[in-house]
Amino acid sequence: LGAFAKEYAESLAQTAGHITCIVDKDQIIAVSGGGKKELFEKHISPEMERCLSQRTTVVANRSDSNYVPILEDDSADSYNHQLITPIISEGDVMGAIIFLSQDKKMGEIEGKLAQTAAGFLGKQMEQ
């Protein structure tokens, strides 16, 4: 997953205007658009692992009941809005595309961008 992750995260961050993370099943493997120091190569939270295993896209604000802490240490995860889309390859969850924002809600455009990126990375893993 790491081969394309950095470049793809940079492209997504430029297009979406949000902090973009790509995670595998254990940690954040690419970050672009800010927050790199507090996010890159940090381990994901047990809640994030459960989110991946459920294979569903999550769009949430920090105050929502479905908000998922990204990192084990949520104090660094100080973002108010998130969108998480799983990357699935050959039926297995390989990771996720995550958009984070302090002040901008995620909408349909971000959802489609994340789905497209997840589909592309999933197909790359199959090759």
Side-chain angles (χ1 to χ4, degrees):
L1 191 59
F4 293 100
K6 184 174 183 270
E7 292 83 3
Y8 216 111
E10 288 173 5
S11 179
L12 285 169
Q14 287 175 349
T15 303
H18 299 296
I19 294 169
T20 303
C21 303
I22 299 177
V23 301
D24 62 15
K25 292 188 254 182
D26 300 312
Q27 67 182 0
I28 297 177
I29 60 170
V31 179
S32 189
K36 188 164 185 155
K37 194 164 109 181
E38 70 256 18
L39 295 168
F40 185 61
E41 293 185 334
K42 298 284 195 293
H43 287 279
I44 62 174
S45 69
E47 296 89 345
M48 182 68 196
E49 290 176 19
R50 276 193 296 281
C51 176
L52 291 177
S53 68
Q54 292 171 354
R55 301 166 177 248
T56 57
T57 294
V58 174
V59 180
N61 301 323
R62 183 173 280 279
S63 59
D64 295 346
S65 62
N66 63 335
Y67 184 86
V68 179
I70 305 299
L71 303 176
E72 289 175 330
D73 173 15
D74 187 42
S75 64
D77 186 13
S78 61
Y79 303 98
N80 292 322
H81 306 282
Q82 66 180 193
L83 184 143
I84 303 166
T85 299
I87 299 168
I88 298 172
S89 178
E90 296 181 339
D92 296 323
V93 175
M94 306 306 290
I97 305 290
I98 303 171
F99 289 144
L100 300 170
S101 177
Q102 188 62 39
D103 54 0
K104 291 187 241 167
K105 287 186 176 184
M106 304 297 162
E108 189 177 346
I109 293 172
E110 288 87 353
K112 295 291 183 198
L113 270 172
Q115 284 178 337
T116 301
F120 175 80
L121 290 172
K123 294 272 188 240
Q124 290 298 312
M125 296 296 296
E126 292 172 10
Q127 307 208 354

Return all side-chain donor-acceptor pairs below 3.5 angstrom for residues 110-123, not counting sequence neighbours, or 'none' if the list is empty.
residue: Glu110; atom: OE1; partner: Gly107; partner atom: N; Å: 2.8
residue: Glu110; atom: OE2; partner: His18; partner atom: NE2; Å: 2.9
residue: Thr116; atom: OG1; partner: Lys112; partner atom: O; Å: 2.9

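- With rounding to the nearest 0.5 angstrom, the CD1 atom of Ile109 is 11.5 Å from the OG1 atom of Thr15.
- Residue Ile44 holds its CD1 atom at 11.5 Å from SG of Cys21, rounded to the nearest 0.5 Å.
- In this structure, the side chain of Asp24 engages the main chain of Gln27 through a donor-acceptor pair within 3.5 Å.
- Applying the side chain to side chain donor-acceptor pair (under 3.5 Å) test to Glu72 and every residue at least two apart in sequence or in another chain returns nothing.
- Rounded to the nearest 0.5 Å, atoms CE (Met106) and OG1 (Thr57) are 13.0 Å apart.
- Here Asn80 contributes atom CG and Asp64 contributes atom CG; the two are 10.5 Å apart, rounded to the nearest 0.5 Å.
- The distance from atom CD of Glu38 to atom OH of Tyr79, rounded to the nearest 0.5 Å, is 4.0 Å.
- Taking each heavy atom of Ala5 and Ile29 in turn, the nearest pair found is CB-CD1, 3.9 Å.
- The salt bridge (charged side-chain N to carboxylate O under 4.0 Å, His left out) analysis of residues 87-99, with sequence neighbours excluded, yields no pairs.
- Checked by atom type and distance alone, the side chain of Gln82 never pairs as donor or acceptor with a backbone atom of Val58 at under 3.5 Å.
- Qualifying side chain to side chain donor-acceptor pair (under 3.5 Å) partners for Asn61, counting only residues two or more places apart in sequence or in other chains: His81.
- Residues passing the side chain to side chain contact (heavy atoms under 4.5 Å, CB included) test with Ala13 are Thr20, Ser32, sequence neighbours excluded.
- To the nearest 0.5 angstrom, Cys51 atom SG is 7.5 Å from Ile70 atom CD1.
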> When you look at Ile84 and Val23, which way does the side-chain contact (heavy atoms from CB on, under 4.5 Å) test go after all the steps?
Replying inline: CA-CA 10 Å; Ile84 303 166; Val23 301; over 6 Å; no

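- Closest of all the heavy-atom pairs between Met48 and Pro69 is CB-O, 3.8 Å.
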Report all side-chain donor-acceptor pairs from residues 94-101 shorter than 3.5 Å, counting only partners two or more places apart or in another chain.
residue: Ser101; atom: OG; partner: Asp103; partner atom: N; Å: 3.3
residue: Ser101; atom: OG; partner: Lys104; partner atom: N; Å: 2.9
residue: Ser101; atom: OG; partner: Lys104; partner atom: O; Å: 3.3

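- Within the structure, every pair that satisfies the side chain to side chain donor-acceptor pair (under 3.5 Å) test and touches residues 41-50, not counting sequence neighbours, is listed here: Ser45-Glu47.
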